[in-house]
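Reading through the C-alpha cells given below for one structure.
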Amino acid sequence: MARHLITSALPYINGIKHLGNLVGSQLPADLYARYLRARGHEVMFICATDEHGTPAELAAAKTGEPVADYCARMHGEQSALARGFGLSFDHYGRSSSDRNRVLTQHFAGRLADAGYIAEVSEKQVYSVDDGRFLPDRYIEGTCPNCGYDKARGDQCENCTKQLDPTDLIDPRSAISGSTNLEVRETKHLYLRQSALKDRISAWIDSKTDWPILTTSIARKWLNDGEGLQDRGITRDLHWGVPVRRGDQPWPGMEGKVFYVWFDAPIEYIAATAEWADANGKTDADWRRWWRRDEGAEDVTYTQFMGKDNVPFHTLSFPATLIGSGEPWRMVDYIKSFNYLTYDGGQFSTSQGRGVFMDHALEILPADYWRWWLLSHAPESGDSEFTWENFQQSVNKDLADVLGNFVSRITKFCRSKFGETVPEGGSYGPEEAQLIEALTTRIRAYEATMQGIEVRKSAAELRAIWVLGNEYLQSAAPWSTFKTDPDRAAMQVRLGLNLIRLYAVLSAPFIPFAARAMLEAMGTADDRWPDDVAAALAALPAGHAFTVPDVLFAKITDEQRAEWEERFKGVRQ
RNA sequence: GGGCCUGUAGCUCAAUGGUCAGAGCAGGGCGCUCAUAACGCCUUGGUUGGGGGUUCGAGUCCCUCCGGGCCUACCA
C-alpha cells in the first residue's frame, strides 16, 4: 500500500464551470483517486475553489453582493455540482480560508527572508471612476495597428498584435467605460524566479516521464528570451490575502493583497489543513502529506490540470516551495490536458458557450458525462464535443454493451431460476478461456490506469465489458438450459458474478451505475479482482439478487435534437 | 513575429525506426433470440496533409510547404 496525494487544478469561483473545465482536471483526477483507493492505497484527494482576483470582485459587483458573500455562495454551488458529478474529494476547500491566508503569508515571509522577494515600483493604469488599478486586459481602446475599436490593453484580438495599455488610442475602462484614466506609481513584490531558474530547470530535467505537453511548456518559459522572469506576486485589490511578511506587517505594502496565482497553489496545502480542521484531525495529520520531514517522504504527489495552468505548476509554485527553504513535498507527476472544444469552437465561461455542469446534470445522469468525457479526454490534442458523437458513444458503450449485458443475464436468470444465484454445474474450457482473457485485459487496464492513460483505460474497460457479451453468446445458456440445466445454471452464475466484477472495475469511471449494479447484486463486496477466478465466485449459489432498472436509458434522436438546439447559443 | 502541439479509414483514435498501418463507431452481409431492435461472427474502407531527404527499412527521424490548435509572462 502506497500513499498518494492528488490535487486537481482549482476551478475559479466566478460562475458554473463547463465540461471543458471538468475534463481538464477534476474528472481525471477523480478517476485516478477512485482507482487508487480501489487498489487499497491511502489517498488524499484535494481540490478547492480559487476565489481571489479581479474577476471575482467584478462578478460580485455585478450581482450586488459583497465579494465574500458571493464567493461563499458560489463555493456552495460548485461544491454541490462536484458532488453531483461524483467527484470524490477528501476535501473541497476555499482559497479564501484562514488556513490559506496564514500559509500564504508564511511563504511570503520565508521567501523574503531568503532573499527571493524584490520590491519594484512600477507605473500602472488607474481608473479614477472605478476606484481601482486596471489589469492590462481590462483596458479597452482602438488598436494603433489595425484600428479595431475593442482592442485590449495586452493584445488586439483582431490583429493579434501585442500591446501596452498606453499604445491604445482613446483608452477606456473595460469595466465602466470610463475614460478618466491615469497612470499611477505603485509598489509591488516580485518573486525572484530568475534566481531560482537553475534549480527549477534541473528539477524539470529530472522529470523524464512527464507528458511532453507539460515539460515543453515549462522549458519554453525557462529558456525563452532572457529566460525565466521574475513575477509580480501582489496586486492593488481589496479581495485577497493581505500582504504580510509572515505574521509581521510589510511596511509599504499596506492595503495590498497577494496575487491570486501566488496564493492559489498554496491552497493545495491549506485545503489539506482545512480537511484536518473539518474532520477533527491534528496538524500532524495533514503535515504528513506535505512535509518531507514529518512523514511525506513516501508520498507520491500527482497534479491534474489543463495546459493553461502548466506554467504556474511547473515554475511559480515550485519556485515558492524551493525558495522557502523548507522541506515541502514537490509534485512527482503533472498530468496536463488539452482543451475540449464545443461544436467547432471553444467552450467559454465568459461567453456562456457550451454545456455547463449544472445543465449537464439537469438533462442526464453524471455517469453519461463522466464516461464520454473520460473516454474522449483531450490527452494528445484538443478533442471535440458534438452531440452526435456523444449520443452514439454513450448509447453504444453504456446502454448496449454494459447496460444490456446486465439486463439480459439478470432477466434470463429470473425467468429460469428466479432471483437467486443458481446452483449446479462446473466450469469447462470455455470458462477457463474467459477467465484467462479477463485476466489479460484486467492487467492491461491496471497498467493504463496506473499510467493515467485515460482514453486507453476507457478502451480497455469497454473491451472487458465486451468479453461478457461474447461469452454469453457462445455459452448460450438459453440453449443449454433445454438440454443441460446444470450447465446453464453455471453459465448464469458466472454471468451474475461478471456483473459484480464489472461494477468494481467500472466504478472509477461510472461510480453511480457501479453502485446500482452492486446493490442489484445484493452485495457490498467491492474487492479488486487480483484473482479473477476467485472474484467470479464472490456471489455463491443461493445468493439473492434483484433485476435492476434499466441502467442506462438511451439518448433518443429527439432528445439530441432538443439539446442541440437548447445549447447552441449562449448561456441564459 | 517567436515557441510548442497536431494532421493516419466517413467519424473518434492506436501503432519502442522493423510482419500486410490497427481498434471502436458508422456502412454491408450472416447468425442468435436471453436482452434496452439489444448481442455475436464475418466484411467494405487508408498514396498515414503535399513534396524532398536520411536508412537495408519511415506514419515514426531531418528539411520544406499547406492546414488546425495552443501559449507568448498584468485574466485566471
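Chain identifiers are assigned alphabetically (A, B, ...) following the order of the sequence lines, protein sequences preceding nucleic acid strands; residue numbering begins at 1 within each chain.
At a threshold of 4.0 angstrom between heavy atoms, the contacts of Gly403(A) include nucleobase atoms, whether or not backbone atoms are also involved. Within the nucleic acid shown, Val466(A) comes within 4.0 Å of sugar-phosphate atoms alone, with no base atom in reach, counting heavy atoms only. Among the heavy atoms of the strands, none lies under 4.0 Å from Ser393(A). If you check every strand for non-hydrogen atoms under 4.0 Å, Gln229(A) touches a base. Contact annotation for Phe481(A): no contact, since no heavy-atom pair falls under 4.0 Å across all strands. Base engagement by Glu122(A) is indicated by at least one non-hydrogen atom pair under 4.0 Å involving a base atom. Across all strands, Gly15(A) comes closer than 4.0 Å to no nucleic acid atom at all (heavy-atom distances). At a threshold of 4.0 angstrom between heavy atoms, the contacts of Tyr259(A) include nucleobase atoms, whether or not backbone atoms are also involved. Within the nucleic acid shown, Asp50(A) comes within 4.0 Å of sugar-phosphate atoms alone, with no base atom in reach, counting heavy atoms only. At the heavy-atom level, Arg219(A) lies nowhere under 4.0 Å from the strands shown. Among the atoms of the strands shown, base atoms are found under 4.0 Å from some heavy atom of Val550(A). Asp136(A) comes within 4.0 angstrom of a base, heavy atoms only.
For the P atom pair drawn from C70(B) and G51(B), the interatomic distance equals 28 Å after rounding to whole Å. With both ends at atom C1', the span from A21(B) to A9(B) equals 11 Å, rounded to whole Å. As rounded to the nearest Å, A58(B) and G17(B) have C1' atoms that lie 7 Å from one another. Annotation: A76(B) and U72(B) have their P atoms spaced 12 Å apart (nearest Å). For the C1' atoms, the distance from C32(B) to A14(B) is 31 Å, rounded to whole Å. Comparing the P positions of G68(B) and U8(B) gives a spacing of 14 Å, expressed to the nearest Å. Using P as the reference atom, U64(B) and C4(B) are 12 Å apart when rounded to the nearest Å. Taking atom C1' in both G3(B) and G57(B), one finds a spacing of 33 Å when rounded to whole Å.
When distances run from any side-chain atom of Asn389(A) to the nucleotides A73(B), U12(B), C74(B), the shortest one goes to U12(B). Between U36(B), A14(B), A76(B), one nucleotide has an atom nearer to the side chain of Leu551(A) than all others, and that is U36(B). Set against C75(B), U12(B), C32(B), the side chain of His376(A) has U12(B) as its closest nucleotide. Candidate nucleotides A73(B), C13(B), C75(B) were compared by shortest atom distance to the side chain of Trp221(A), and A73(B) ranks first. Nearest to the side-chain atoms of Lys307(A) among the listed nucleotides A73(B), C74(B), C70(B) stands C70(B). Checking C71(B), A76(B), A35(B) against every side-chain atom of Tyr12(A), the shortest atom distance belongs to A76(B). If you check C13(B), C32(B), U72(B) against the side chain of Trp478(A), the one that comes closest is C32(B). When distances run from any side-chain atom of Lys456(A) to the nucleotides C74(B), A14(B), U72(B), the shortest one goes to A14(B). Considering only the side chain of Asn404(A), C39(B) comes nearest among C39(B), C75(B), A76(B).
Between Phe312(A) and Phe317(A), the distance from one ring center to the other does not fall under 6.0 angstrom.
Applying the Watson-Crick and G-U wobble criteria (two distances, each under 3.5 Å), G59(B) pairs with nothing in any strand. Within the shown strands, G40(B) is the pairing partner of C30(B) under the Watson-Crick or G-U definition, both distances less than 3.5 Å. Pairing of C4(B), defined by two Watson-Crick or G-U wobble distances under 3.5 Å, is identified with G69(B). If you check U54(B) for Watson-Crick or wobble pairing at under 3.5 angstrom, you find it has no partner at all. Both distances falling under 3.5 Å, in either a Watson-Crick or a G-U wobble arrangement, place C25(B) opposite G10(B).
Note on Tyr471(A): every side-chain N or O is 4.0 Å or more away from OP1 and OP2 of C39(B). A close approach under 4.0 Å does not occur between any side-chain nitrogen or oxygen of Lys123(A) and OP1 or OP2 of C74(B). Dashed line: the shortest gap from a side-chain N or O of Lys554(A) to OP1 or OP2 of A38(B) is under 4.0 Å. Phosphate proximity of U6(B) to Ser383(A): absent, as no side-chain N or O sits under 4.0 Å from OP1 or OP2. Checking the phosphate oxygens (OP1, OP2) of C75(B), no side-chain nitrogen or oxygen of Arg152(A) falls inside 4.0 Å. Here Arg408(A) does not reach the OP1 or OP2 of C34(B): none of its side-chain N or O atoms lies under 4.0 Å away. Between Arg462(A) and C25(B) there is a side-chain polar atom (N or O) within less than 4.0 angstrom of OP1 or OP2. A close approach under 4.0 Å does not occur between any side-chain nitrogen or oxygen of Lys220(A) and OP1 or OP2 of A73(B). OP1 or OP2 of C71(B) lies within a sub-4.0 Å distance of a side-chain N or O belonging to Tyr339(A).
Rounded to whole angstrom, the span from the NZ atom of Lys396(A) across to the P atom of C11(B) amounts to 20 Å. Going from atom CG of Asp308(A) over to atom P of C71(B) covers 7 Å, rounded to whole Å. Rounded to an integer number of Å, the gap from Leu134(A) CG to A76(B) P is 13 Å. As a whole-Å value, the separation of Phe390(A) CZ from C13(B) C1' is 19 Å. In this structure, the CG atom of Asn223(A) is 13 Å from the C1' atom of C4(B), given to the nearest Å.
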(Q) Would Tyr471(A) and Phe405(A) count as a ring pair (Phe, Tyr, Trp, His ring centres under 6.0 Å) here? Give the steps. (A) CA-CA 11 Å; Tyr471(A) 171 75; Phe405(A) 173 79; 8.9 Å; no
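In plain terms, the two heavy atoms of Phe347(A) and Leu340(A) that are nearest each other are CD1-O, 3.3 Å.
Counting heavy atoms from C-beta outward, Val454(A) and Phe337(A) have side chains that approach closer than 4.5 Å. By the 4.5 Å heavy-atom criterion applied to side chains, Lys220(A) and Pro311(A) are not counted as neighbours.
One N or O on the side chain of Arg370(A) and one on the backbone of Phe509(A) form a donor-acceptor pair closer than 3.5 Å.
Using the six-membered ring where Trp is involved, Tyr126(A) and Phe133(A) have ring planes that are perpendicular, over 60° apart on the 30 and 60° scheme.
No side-chain donor-acceptor contact under 3.5 Å links Thr341(A) and Asp382(A).
Checking Leu398(A) against Gln193(A), the closest nucleotide of RNA chain B that is more toward the 5' end is the one next to Leu398(A).
With centroids closer than 5.5 Å and planes inclined by less than 30 degrees as the test, Phe412(A) and the base of C34(B) fail to qualify as a stacked pair.
A donor-acceptor contact under 3.5 angstrom links the side-chain atoms of Gln124(A) to the base of C74(B). One N or O donor and one acceptor, one from the side chain of Trp261(A) and one from the base of A76(B), sit under 3.5 Å apart.
Annotation: the span from Ser201(A) atom OG to Leu315(A) atom CG amounts to 9.5 Å, rounded to 0.5 Å.
Figure legend: Arg192(A) and Tyr116(A) shown without cation-pi pairing, the cationic atom not lying both under 6.0 angstrom from the six-membered ring centre and within 45 degrees of its axis.
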